[in-house]
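Some notes on the structure that comes next.
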Amino acid sequence: MTSVDTPALLSWFERVGRPLPWRAQGTGAWEILLCEVMSQQTPVARVEPVWRAWLERWPGPAELAAAAPADVIRMWGKLGYPRRALRLRECALVVVDTHGGRVPHDVDELLELPGVGDYTARAVACFAYGQRVPVVDTNVRRVVARAVRGEAEAGPPSARRDLAAVETLLPPDREQAVAFSIAIMELGALVCTARSPRCDDCPLASSCAWVAAGRPDWDGPRRRVQTFAGTDRQVRGLLLDVLRDGDGTAPRAALNAVWPDAVQRDRALDSLLADGLMVRAGDRYSLPA
DNA sequence: GATCCGTGGAC
DNA sequence: TGTCCAAGGAT
């Protein structure tokens, strides 16, 4: 079982790591939590402008907690999965109400926050508070699968296994461990990518188990490709667009116009109401005040 | 564990 | 052009 050449990895990061705004010295825990939630299943490049605008409008959890859900949904824009915006506001409420307005340090407490799961809790503990905890995202899983196990893909995630695997790779020194996690994520994002890994530019190539094995194809189960066209997800997006891009309210007829299949349209609409992304008053549908 | 939940860029 | 996939979380 190969390990990871940490010095080579850290040196590479110093050279080509992106100067993302939330990596600047002095970035607070709330700002880091915000960017981590926004980055869930969303390319980092799309997050940056929204992150800036968001913090300008609501600098901290107290301001966000006082905001109207409608404004929060609008500010979320087209980042996708808008339920995250509602969870973020709920998270701000919990931070204010039960943590005195400060983002908690402990992973277990972070996990209690709405919209904060296994990855985000550890990302905040590590990146915001400098704790030596494994941080496992899709990039880390992929780099470890290749560099350590010699497999082309990570296979299905398993929180327990993945955490244990990364824990064994984590440098003992706290600051090194933090730098390791940032760098290995960046490597997965920039070099050891899912589609066409740029092994020629990889600082781990000479020690990589996958490269050593001749970059064998993945022989595990093919990951199910997520369809989008024609799904409820697409319909929800179209429906929400009507309110998000307009003045926040619309009659039923305006919503009906965006999707012909009444059964699916109603199902999507009901799910939006259930999620609290819309409210209904008679014939009118609105973003939640 | 499987499924659902947006959006858009890269190839 | 259609496929793939992106700093996951909740149920």
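To find a chain, count down the sequence lines: A is the first, B the second, and so on, and within it residues start at 1. Because the structure is a prediction, the values reported are computed rather than measured.
DNA chain C is contacted by both A/V116 and A/A194; A/A194 maps to the nucleotide lying nearer its 5′ end (nearest heavy atom per residue). With DNA chain C read from its 5' end, the first of the two nearest nucleotides for A/P43 and A/P114 is the one closest to A/P43.
For the residue pair A/S271 / A/R236, a side-chain donor-acceptor distance below 3.5 Å is found, with atom types taken as modelled. Side-chain contact check for A/R132 and A/Q176: no donor-acceptor pair (N or O, by modelled atom type) lies under 3.5 Å.
Looking at heavy-atom distances under 4.0 Å, A/S271 makes no contact with the nucleic acid at all. When heavy atoms are screened at a 4.0 angstrom cut-off, A/S196 is found touching no nucleic acid atom at all. Using a 4.0 Å heavy-atom distance criterion, A/W76 is classed as making no nucleic acid contact. The residue A/R46 sits close to a base: some heavy atom pair falls under 4.0 Å. Among the atoms of the strands shown, base atoms are found under 4.0 Å from some heavy atom of A/L20. Backbone-only engagement by A/R142 is indicated by non-hydrogen atom pairs under 4.0 Å involving sugar-phosphate atoms exclusively. In this structure, A/G117 reaches the sugar-phosphate backbone alone: every heavy-atom distance under 4.0 Å involves primed, P, OP1 or OP2 atoms, never a base.
Atoms CD (A/Q41) and C1' (C/dA7) sit 9 Å apart, rounded to a whole Å. One can place OH of A/Y81 at 9 Å from C1' of C/dG8, the figure rounded to the nearest angstrom. In this entry the distance linking CZ of A/R195 with C1' of C/dA6 reads 10 Å, nearest Å.
Environment of CZ in A/R102: sparse, with no more than 12 heavy atoms of neighbouring residues, nucleotides or ligands closer than 6.0 Å. No more than 12 heavy atoms of other residues, nucleotides or ligands sit less than 6.0 Å from atom CG of A/D217.
With hydrophobic clusters built from ILVMFWY side chains whose heavy atoms lie under 4.5 angstrom apart, A/V140 shares a cluster with A/V178. Under the 4.5 Å side-chain heavy-atom criterion for grouping Ile, Leu, Val, Met, Phe, Trp and Tyr, A/L93 is not connected to A/V116 through any hydrophobic cluster. No chain of hydrophobic side-chain contacts below 4.5 Å, direct or via other Ile, Leu, Val, Met, Phe, Trp or Tyr residues, connects A/W54 to A/Y81.
For the pair A/R122/A/C126, no side-chain contact is recorded, criterion being any heavy-atom separation below 4.5 Å from C-beta on.
Using a cut-off of 4.0 Å between Lys/Arg side-chain N and Asp/Glu carboxylate O, A/R252 and A/D266 are scored as salt-bridged. Taking the charged nitrogens against the carboxylate oxygens, A/E31 and A/R52 have no contact shorter than 4.0 Å, which rules out a salt bridge.
For the C1' atoms, the distance linking C/dA10 with B/dG1 amounts to 13 Å, nearest Å.
Here the nucleotide nearest the side chain of A/D137, chosen from C/dC5, C/dA6, C/dA7, is C/dA7.
Contact footprint of chain A on DNA chain B: nucleotides with an atom under 4.0 Å from a non-hydrogen protein atom, first to last in 5' to 3' order, B/dC5 to B/dA10.
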What's the verdict on salt bridge (charged side-chain N to carboxylate O under 4.0 Å, His left out) for A/R267 and A/D270, showing C-alpha distance, side-chain angles and the deciding distance? CA-CA 5 Å; A/R267 187 171 63 233; A/D270 285 343; over 6 Å; no

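Using a 4.0 Å cut-off on heavy atoms, the residues of residues 218-248 of chain A that approach DNA chain B are A/Q226, A/F228, A/D232, A/R233, A/R236, A/G237, A/R244, listed by number. Near DNA chain B, meaning a heavy atom under 4.0 Å away, there are no residues from residues 154-187 of chain A.
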